[in-house]
Amino acid sequence: MNPVVRFAPSPTGQLHIGGVRTALFNYLFALKNNGTFLLRIEDTDIERSKDIFTEQIIESLGWLGFKYQGNPIKQSSRTKRYQEVIEYLLKTGSAYRCFATVQELDKLRNEKDNYLYPRIWRDRSEKEIEDKLQKKENYVIRIKIPLNGNIHFEDLVYGDINTDCSELDDFIIARSDGTPTYNFTVVVDDHDMQVSHVIRGEDHISNTPKQILIYDALKWDTPEFAHLPMILGSDGKRLSKRHGAVGTQTYRDLGYLPDTLINYLALLGWNPGTEDEVFNFQFLMDNFSLEKINKKAAVFDNKKLDWLSGQHIMKSESEELLDSIRSIKPDWAPNGLSDEYLFSIISHLKGRSKTLLDIINQSEYFFNDPIKYDQNAVAKCWGEDTSELLKSFAEKALTCLDWKDESIEACINDFSEKKYVSKGKLIQSLRVSICGSLTGPSMANLMSLLGKETCIRRLNNAQKILSE
RNA sequence: GGCCCGUUCGUCUAGUGGUUAGGACUCCAGGUUUUCAUCCUGGCAACAGGAGUUCGAUUCUCCUACGGGCUACCA
């Protein structure tokens, strides 16, 4: 039997980085085992769920390249089915109506330190319930938890988990407005979707026994469960908005590649046992297994993400990088420049960039003459004799007919020799004049890329400023 | 409070009943490089604590501490 897995986010915000990890592990598991990956939108919380978030989640999954089969299933479209199952549970005595009010329960809760719903409506007579129904009083539906017994399941990551029934509430499966709650819908959906492996966050371990009881009441088979360790912020607390960027789209806008995020997240709580840590998707797909998942919660480390990002950028083709850059900054580079020219720029910058944003930020001098010159660089490289130096170098450059890397290099070498100027000093002066800063690709590369005309113009500009 | 889960360098992790406890990121010091980045070399740095089992425990068991999760008419 081929496995069926699902990713089931609730559309109450951007796709969270923790959600991406859960989706990724589900997806990898499906790919590795020739299974099916499904998407389900858990929007039973009408208050907080928004369509816009559903769209964003789908868009983010697309950006990451996670392909789910068929259309996403929305819980909000399954009300009828939930009602049908609830009816069945009611009829078979596995669930019951509870007419206790919120206020009433709050009061009880405050009286006790260790509160469990006291089951005050569990064994009322039919007449009593009929009575209340006649009066149209509000009620919720609760599941009838066995009074004693033990619930056991074997988690594929955490191993044996045992829970005593006495620990469990008769929890609510349908609210007073009739809408079903999470622990109930998740069971009905997973069953109906024929999910074979439930792979989700560790925060659901405690929910699992409750869900198993519903499977039991319905006489349905339970799926396998695999819980994933949490991802924490640098303070060791559960990752949340307080830790800054947690939304997938934010990471995209910050200039991270999908492969970087996937690679990093895969390494959080899982590792293939290799010393190398830079992986492409294919490798993950081939090597993924639930057995290698850790139990320990992992802290999200932006420094390592940045390093990994640099690795992926460096390895990426310039063509791909250009596409990615355009997707986050469509107006990067002035109109009229050929893609070939932009590829060259990218190939010179990608080795010294951690993110796409780094490439964008460093590319300014390829497009415009420097307006401002970095003060540090000026102090370091521009002296009294620089004006004269630039002037005579510009004159020499003018005579360089074949404006290519090698000839420019030769020109620089020759000038340095004849004028008794150290090559380093010369180049740094040129760099400040041409780029406005002290960092960047090799000078001859840069000059050939910018073109003779541009270089000489910039040298003249700098010389003018210096002689003022 | 109750229940559940976890605990190897600052972080991500490997690992075994006997190892100089390995790697990666970060940080520091050198080197290469016209600059930056890369790259190379070296360095700092961990088995939470206590008992038990054992000839021997980081590894097995128990307890404690600490951290996280659940305990909603959230998911």
Side-chain angles (χ1 to χ4, degrees), chain A residues 8-12 42-45 47-49 75 98 100-102 105-106 109 112-117 138-142 155 157-159 161-164 166-169 171-183 185-186 200-210 227 229-230 232 234 236-238 264 267-271 273-278 294-308 310 314 349-354 358 362 377 380-381 412 416 422-432 435 437-444 446:
Chain A
S10 55
T12 53
E42 306 223 323
D43 55 355
T44 51
D45 184 349
E47 295 281 301
R48 296 195 301 149
S49 297
Q75 292 189 319
C98 167
T101 62
V102 176
L105 293 176
D106 275 349
R109 214 185 325 259
K112 292 186 93 178
D113 218 22
N114 187 2
Y115 172 86
L116 278 183
Y117 166 71
N138 278 337
Y139 62 88
V140 298
I141 296 170
R142 291 180 182 272
D155 192 279
V157 173
Y158 285 88
I161 307 280
N162 288 288
T163 308
D164 202 292
S166 62
E167 299 293 335
L168 266 26
D169 245 355
F171 61 91
I172 293 170
I173 58 174
R175 306 179 182 95
S176 48
D177 64 1
T179 58
T181 60
Y182 167 75
N183 278 308
T185 57
V186 73
R200 78 231 298 195
E202 183 224 21
D203 47 337
H204 289 295
I205 286 186
S206 306
N207 290 324
T208 308
K210 301 179 193 174
H227 289 91
M230 300 271 93
L232 310 175
S234 49
K237 303 283 185 206
R238 188 182 187 152
Y264 181 70
L267 249 17
L268 236 41
W270 175 86
N271 85 86
T274 57
E275 294 226 317
D276 191 13
E277 296 192 326
V278 185
N294 271 313
K295 297 184 179 74
K296 193 186 138 191
V299 173
F300 193 92
D301 181 12
N302 279 300
K303 289 260 179 58
K304 187 146 185 179
L305 207 222
D306 280 343
W307 169 78
L308 205 49
M314 204 177 347
L349 294 180
K350 70 183 181 186
R352 59 198 90 233
S353 300
K354 298 273 187 225
D358 278 352
Q362 290 184 85
K380 212 168 150 189
C381 305
I412 288 173
S416 149
S422 82
K423 203 176 154 188
K425 187 184 172 190
L426 170 64
I427 287 174
Q428 289 301 73
S429 307
L430 295 177
R431 187 183 294 282
V432 177
C435 304
S437 79
L438 263 183
T439 64
S442 129
M443 210 50 219
L446 211 49

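Basis for what follows: all heavy atoms, side chains included, without hydrogens, waters or symmetry-related copies. In what follows, chains are A, B, ... by sequence order, proteins preceding strands, each numbered from 1.
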Pairing partner of B:U19 (Watson-Crick or G-U wobble, both distances under 3.5 Å): none
To the nearest angstrom, the CD1-C1' distance between A:Ile205 and B:G69 comes to 8 Å
So which protein nitrogen or oxygen atoms get under 3.5 Å of nucleotides 6-16 of chain B's nitrogens or oxygens?
residue	atom	partner	partner atom	Å
B:U8	OP1	A:Lys296	NZ	3.2
B:U8	OP2	A:Lys296	NZ	2.9
B:C12	OP1	A:Val299	N	2.9
B:C12	O2'	A:Leu267	O	3.2
B:U13	OP1	A:Gly269	N	2.6
B:U13	O3'	A:Asn271	ND2	2.9
B:A14	OP1	A:Asn271	ND2	2.7

Any N/O pairs under 3.5 Å between the protein and nucleotides 73-75 of chain B? List them or say none.
residue	atom	partner	partner atom	Å
B:C73	O2	A:Ser176	N	2.9
B:C73	O2	A:Ser176	OG	2.9
B:C73	N3	A:Ser176	OG	2.9
B:C74	OP2	A:Arg175	NE	2.1
B:C74	OP2	A:Arg175	NH2	3.0
B:C74	O3'	A:Arg175	NH2	3.0
B:C74	O2'	A:Asp45	OD2	2.6
B:C74	O2'	A:Arg48	NH2	3.0
B:C74	O2	A:Arg48	NH2	3.4
B:A75	OP1	A:Thr44	OG1	2.6
B:A75	OP1	A:Asp45	N	3.3
B:A75	OP1	A:Arg175	NH2	2.4
B:A75	OP2	A:Arg175	NH2	3.1
B:A75	OP2	A:Tyr182	N	3.1
B:A75	O3'	A:Glu42	OE1	3.0
B:A75	O2'	A:Ser10	OG	3.3
B:A75	N6	A:Asn207	OD1	3.4
B:A75	N6	A:Asn207	ND2	3.3
B:A75	N1	A:Asn207	ND2	3.2

Between A:Thr44 and A:Arg175, does a side-chain hydrogen bond (donor to acceptor under 3.5 Å, both in side chains) hold up when you go through it step by step? CA-CA 11 Å; A:Thr44 51; A:Arg175 306 179 182 95; 4.6 Å; no
Please state the P separation for the pair B:C12 and B:G69 - nearest whole angstrom. 16 Å
Let's test this: given Watson-Crick or G-U wobble pairing with both distances under 3.5 Å, identify the partner of B:U59. none
So CG of A:Leu105 and CD1 of A:Ile172: to nearest 0.5 Å the spacing works out to 7.5 Å
How long is the line joining CG of A:Asp306 and C1' of B:C27, in whole Å? 15 Å
Distances under 3.5 Å between protein N/O atoms and the N/O atoms of nucleotides 30-37 of chain B, please, pair by pair.
residue	atom	partner	partner atom	Å
B:U34	O4	A:Ser442	OG	3.1
B:U34	O4	A:Met443	N	3.2
B:U35	O4'	A:Gln428	OE1	3.4
B:U35	O4'	A:Gln428	NE2	3.0
B:U35	O2'	A:Leu438	O	2.8
B:U35	O2	A:Leu438	O	3.0
B:U35	O2	A:Gly440	N	3.0
B:U35	O2	A:Gly440	O	3.3
B:U35	N3	A:Arg431	NH2	3.2
B:U35	N3	A:Gly440	O	2.5
B:U35	O4	A:Gly440	O	3.4
B:C36	O2	A:Arg352	NH1	2.4
B:C36	N3	A:Arg352	NH1	2.3
B:A37	O2'	A:Gly351	O	2.8

Watson-Crick or G-U counterpart of B:A29, or none if no pair lies under 3.5 Å: B:U41
Please identify each residue that fulfils salt bridge (Lys or Arg N to Asp or Glu O under 4.0 Å) with A:Lys350, with sequence neighbours left out. none
Whole Å only: how far is the CD1 atom of A:Ile161 from the C1' atom of B:C4? 7 Å
Could you state the CG-P distance from A:Leu308 to B:G23, rounded to the nearest angstrom? 19 Å
Applying salt bridge (Lys or Arg N to Asp or Glu O under 4.0 Å) to A:Arg48 and not counting sequence neighbours gives A:Asp45
For salt bridge (Lys or Arg N to Asp or Glu O under 4.0 Å), just list the numbers for A:Lys303 and A:Asp306, CA-CA rounded to whole Å, side-chain angles, deciding distance to a tenth of an Å, and then say yes or no. CA-CA 5 Å; A:Lys303 289 260 179 58; A:Asp306 280 343; over 6 Å; no
Rounded to the nearest 0.5 Å, what's the gap from CZ on A:Arg431 to CG on A:Leu426? Could you check? 11.5 Å
Paired with B:G67: which nucleotide, if any, by Watson-Crick or G-U wobble criteria at under 3.5 Å for both distances? B:C5
How long is the line joining CZ of A:Arg238 and P of B:C5, in whole Å? 18 Å
Send over the distance from A:Glu275 CD to B:C25 C1', rounded to a whole Å. 14 Å
For a quick check under 3.5 Å, do A:Thr179 and A:Asp177 share a side-chain donor-acceptor pair by atom type? yes
With P as the reference atom in both, quote the distance from B:C9 to B:G49 in angstrom, rounded to an integer. 10 Å
Please report the C-alpha distance between A:Glu202 and A:Val157 in whole Å, then the side-chain angles of each, then the deciding distance to 0.1 Å, and finally whether the side-chain contact (heavy atoms from CB on, under 4.5 Å) criterion is met. CA-CA 10 Å; A:Glu202 183 224 21; A:Val157 173; over 6 Å; no
A:Thr439 and side-chain contact (heavy atoms from CB on, under 4.5 Å): which partner among A:Cys435, A:Pro441, A:Ser437? A:Ser437
Pair A:Tyr182, A:Ser10 - check side-chain contact (heavy atoms from CB on, under 4.5 Å), show working. CA-CA 10 Å; A:Tyr182 167 75; A:Ser10 55; over 6 Å; no
I'd like to check the salt bridge (Lys or Arg N to Asp or Glu O under 4.0 Å) partners of A:Lys425; sequence neighbours left out, ordered by chain and number. A:Asp385
Between B:U26 (P) and A:Leu305 (CG): distance, integer Å: 12 Å
